[in-house]
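A short worksheet on the structure shown next.
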Protein chains: 2
Amino acid sequence: MKVTGDQALVKKINKSIVLHMIRKHSPLSRARVSEMTGLNKATVSNLVAELCQQELVIEAGPGESSGGRKPLILHFNAMAGSVIGIELRVKQLTAVLCDLGGNVLGERDYTLNHHDLPYVLEEIHKIISELMAAAPVTPYGIVGIGVGVPGMVDENGVVLFAPNLGWEMVNLRGLLESSFSVPVTIDNEANAGAQGELNFGAARDVRHLLYVSAGSGIGSGIIIGGELYKGARGYAGETGHMSIEADGKLCSCGSRGCWELYASEKTYDHADIDLPARTTPELVRYASQGQEDALRHFAKVGEYLGIGITNLINSFNPEVIVIGGALSEAEEWLGEPLRKVVAERTLPYHKQQLEITFSKLGSRGTVIGAGFSAVMHFLGNIRVTL
Amino acid sequence: MKVTGDQALVKKINKSIVLHMIRKHSPLSRARVSEMTGLNKATVSNLVAELCQQELVIEAGPGESSGGRKPLILHFNAMAGSVIGIELRVKQLTAVLCDLGGNVLGERDYTLNHHDLPYVLEEIHKIISELMAAAPVTPYGIVGIGVGVPGMVDENGVVLFAPNLGWEMVNLRGLLESSFSVPVTIDNEANAGAQGELNFGAARDVRHLLYVSAGSGIGSGIIIGGELYKGARGYAGETGHMSIEADGKLCSCGSRGCWELYASEKTYDHADIDLPARTTPELVRYASQGQEDALRHFAKVGEYLGIGITNLINSFNPEVIVIGGALSEAEEWLGEPLRKVVAERTLPYHKQQLEITFSKLGSRGTVIGAGFSAVMHFLGNIRVTL
DNA sequence: AAAACTTTGTTTAACCAATATACAAAGTCT
DNA sequence: AGACTTTGTATATTGGTTAAACAAAGTTTT
């Protein structure tokens, strides 16, 4: 959004800078904040005083002196409020209660039997209510709910299309906000996962991150310059339907040779391949026992993951690639073929500073990331671009 | 870049808002600017006074009254300075002299015999010097030089890799700036083209644009929210090396099945196809005479263009797609197969508001866009994001 | 044609946030 | 004990936006 400038804006900008500096780098003294931000000491003092009054920052007594007066240590008050992060999956509904620092305070897990909107909504209501009841008493209480959804989401929190749920044009944010009277953020599942790994997982403070969520389909979360890149209308990263075989298998989307037909759990559905099981956890068990078919299949999936990832590298050139989603459990067998294909297919230039890792937060990355979206919505984040 | 806020910043922001409002929507009165920006009338008056003194805005006498005092009409002063836009192609060097409004004041065209850096630099020097000599006398003179290059460019104007020129790590900006003592902007050729079409061509003021430049290779310029999306380090859009056939033809980049092997002028290089000629202009001539091989080949290229474009639609979902580059001359024969493939392969959801057109500026889109980059660099464009 | 109303643009005073500077407080080092 | 350092606060200044009043120059109504 484009805004005009006045003094209130200046204050907002600087307060936001100070708050997030403390949030990310605490413990910190006022003097250090002044140095790091470039803001005047007096300005920092004023803003910190306000943040303390708002209970977003707390003073934790004196720290170590380095040859002068002892600094007063400031902390971000992660317990000023809490958020609920939710991940909606095909067969499962997971939710966590987090503080503002992303620390998990409580967790719930439901099984979903089908995807009728009223039923799913009821389950979401239940899981939220339970966690709300379990929330600690804090100055701000529950400050937001963040939901990660397997599908395209627009900037208004409307689920435009979620093929695996059979949803179309569901105003999820509206529905939940009117029920709970709390700000709700809806994110694509891959975007939520990317935020989780960026802030609390395998890719902390990386500037340019590509998070590939491989599960029942494939979606990507793209972080550019430390910020989530949502694209035109909030749904960049629908990479599962990138065609990697122009005349390949027919996909439900109408196209042919879509990436996710070759590199996701969708590969299990073909009747013509030999597999000892048709779910990732089971296949992982077989693979760890050395079962040939499972090993071969994971190797193949790894290669195809590498082909799609190469395409994305050519478009986005990230510093780090994190692979998440259900298939990340098979890291042991996917990793090598994947890296090999990427090494073969990318320009030498790309190889220099490219790290490919698997999710560190595992299945919790998405819920935590979804919750973090709600945290950021509560705290705000205003920036100036030259 | 992240900056802290103070009053100087506020002024910069507001002045930038006022300037670009007048640039885009003149003629305009101070009162209208105040309404449209939300800034106070006094603020607008002050800023306009400064802009007039800087000769970036000129007062053009009274306009029509609508029941009160006549407004004083303001114009953006496109003749406050001029820029040089350059396009570097494999066999050609094109340059234009533009005013700040993108109006072409002069034009030059050189043929390039090879791509040795010293030689090309010398030719660039010559073409710039000629146009500089032809520049009209303006308050600011030549305020910048913008160059469009067929390759990856980083944020410092270094050409990282330009396969068709055989260049690697060429600090083009540094070289030109030290010669001419004028700010130089270096852009990928597709990004320059996208800017040209966005501001002066087929996609004026579109919010989300995908510009596909199909010539000796393929590159894409991506406009998100009205602004060029440069990606992580300035080279998003290297889409020519997106693999659309996992086990397809071997590409010079090391990968297989790269899009540009199937949908650019590179297709002419295969000895095993029957073609009456091996350059686009010649093939266009044959096609217009109904030559079978030429027609068949363009149809095939159109289909493959459609396949890659579908992949990009799935990732970026633009409102408008503009196809530029040398191959856009073959619009007549590419258009139908391309649109057909896209219609078949995209989700129904995408088809609603998607327009596919060919470049309106033709070969001049890129030079004009490159020049426009220099204009924007001169005028500045500061924004606040919430 | 005079009076009333409208619209445009400027002037004035008030406000407010950041800043430089001085200063107070609380430590370390010699 | 005295000199120096570092932290954090108080004070006066600066400079930009703003609301409100005002001046200027129209049109519309009576």
Side-chain angles (χ1 to χ4, degrees), chain A residues 2-19 21-22 25-53 57-75 382 384, chain B residues 2-19 21-22 26-54 57-75 382 384:
Chain A
K2 205 167 184 176
V3 289
T4 61
D6 59 3
Q7 286 185 316
L9 179 79
V10 169
K11 190 166 184 176
K12 261 192 220 163
I13 292 171
N14 290 341
K15 200 165 169 180
S16 175
I17 292 173
V18 170
L19 174 60
M21 183 66 76
I22 296 173
H25 300 105
S26 59
L28 233 48
S29 68
R30 289 169 175 77
R32 279 289 292 146
V33 173
S34 168
E35 274 175 41
M36 293 171 75
T37 58
L39 289 165
N40 188 280
K41 286 195 296 176
T43 309
V44 171
S45 259
N46 281 328
L47 295 173
V48 166
E50 283 187 34
L51 290 169
C52 284
Q53 211 166 10
V57 167
I58 39 181
E59 220 168 56
E64 283 304 292
S65 161
S66 61
R69 169 175 164 181
K70 284 183 179 171
L72 285 166
I73 299 299
L74 300 172
H75 278 279
I382 189 168
V384 178
Chain B
K2 206 166 184 175
V3 289
T4 60
D6 61 2
Q7 287 185 317
L9 178 79
V10 168
K11 189 168 185 176
K12 262 191 218 163
I13 293 171
N14 290 341
K15 201 165 167 180
S16 175
I17 292 173
V18 170
L19 174 60
M21 182 67 77
I22 296 173
S26 60
L28 234 48
S29 68
R30 289 170 176 78
R32 279 289 292 146
V33 173
S34 168
E35 274 175 42
M36 292 171 76
T37 59
L39 289 166
N40 187 280
K41 287 193 296 175
T43 309
V44 171
S45 259
N46 281 327
L47 295 173
V48 165
E50 284 188 31
L51 289 168
C52 284
Q53 211 165 11
Q54 291 180 273
V57 166
I58 39 181
E59 220 168 55
E64 282 304 291
S65 160
S66 61
R69 170 175 165 181
K70 283 183 180 171
L72 286 165
I73 297 300
L74 301 172
H75 278 280
I382 189 168
V384 179

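Proteins come first, then strands; the chains are lettered A, B, ... in the order of their sequence lines, and each starts at number 1. Since the model is a prediction, treat every value here as computed from it, not as a measurement. Computed over heavy atoms, backbone and side chain alike; hydrogens, waters and symmetry mates excluded.
Counting all heavy atoms, side chain and backbone alike, E64(B) lies closest to P71(B) at O-CD, 3.4 Å. Nearest heavy-atom pair across D6(B) and V10(A) is O-CG2, 3.6 Å.
Between the CD1 atom in I73(A) and the CZ atom in R32(A) there is a gap of 11.0 Å [rounded to 0.5 Å].
The A42(B) side chain lies nearest to dT11(C) when the options are dT11(C), dG9(C), dG8(D). Side chain of L39(B), nearest nucleotide from dT18(D), dA26(C), dG9(C): dT18(D). Closest contact between the side chain of L47(A) and the listed nucleotides dA18(C), dG27(C), dT17(D) involves dA18(C). Which of dA24(C), dT8(C), dT17(D) sits closest to the side chain of D6(A) comes down to dT17(D).
Atom CG in L72(B) sits roughly 5 Å away from atom P in dG9(C) (whole-Å rounding). One can place CG of L9(B) at 15 Å from C1' of dT19(C), the figure rounded to the nearest angstrom. Across the protein-nucleic acid pair, I17(B) atom CD1 and dG16(D) atom P stand 16 Å apart, rounded to whole Å. In this structure, K41(A) places its NZ atom 15 Å from P of dA25(C), rounding to the nearest Å.
Listed pair N14(A) / dA18(C) meets the phosphate criterion, a side-chain N or O lying under 4.0 Å from OP1 or OP2. At dT6(D), none of the side-chain N or O atoms of R32(A) fall inside 4.0 Å of OP1 or OP2 (strictly under the cut-off). OP1 or OP2 of dG8(D) has at least one side-chain nitrogen or oxygen of S29(A) nearer than 4.0 Å. The phosphate of dA19(D) has OP1 or OP2 within less than 4.0 Å of a side-chain N or O from N40(B).
Residue whose closest nucleotide on DNA chain C sits further toward the 5' end, between T43(A) and P71(B): P71(B). Take the nearest nucleotide of DNA chain C for N46(A) and for I73(B): the residue whose nucleotide is more 5' is I73(B).
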Please write out each protein N/O paired with an N/O of nucleotides 13-16 of chain C under 3.5 Å, distance rounded to 0.1 Å.
{"residue": "dC16(C)", "atom": "O4'", "partner": "Q7(A)", "partner atom": "OE1", "Å": "3.0"}
{"residue": "dC16(C)", "atom": "O2", "partner": "Q7(A)", "partner atom": "OE1", "Å": "2.7"}
{"residue": "dC16(C)", "atom": "O2", "partner": "Q7(A)", "partner atom": "NE2", "Å": "2.2"}

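One cannot find a donor-acceptor pair under 3.5 Å joining the base of dG27(C) and the side-chain atoms of K70(A). The base of dT7(C) does not come close enough to the side chain of R69(B) for any donor and acceptor atom to sit less than 3.5 Å apart.
Listed for the S26(A) side chain is a donor-acceptor partner under 3.5 Å among the backbone atoms of I22(A). A donor-acceptor contact shorter than 3.5 Å links the side chain of S34(A) to the backbone of L39(A).
Annotation: side chain of V33(B) is not in contact with side chain of V48(B) (no heavy-atom distance under 4.5 Å).
Using a 4.0 Å heavy-atom distance criterion, S34(B) is classed as making no nucleic acid contact.
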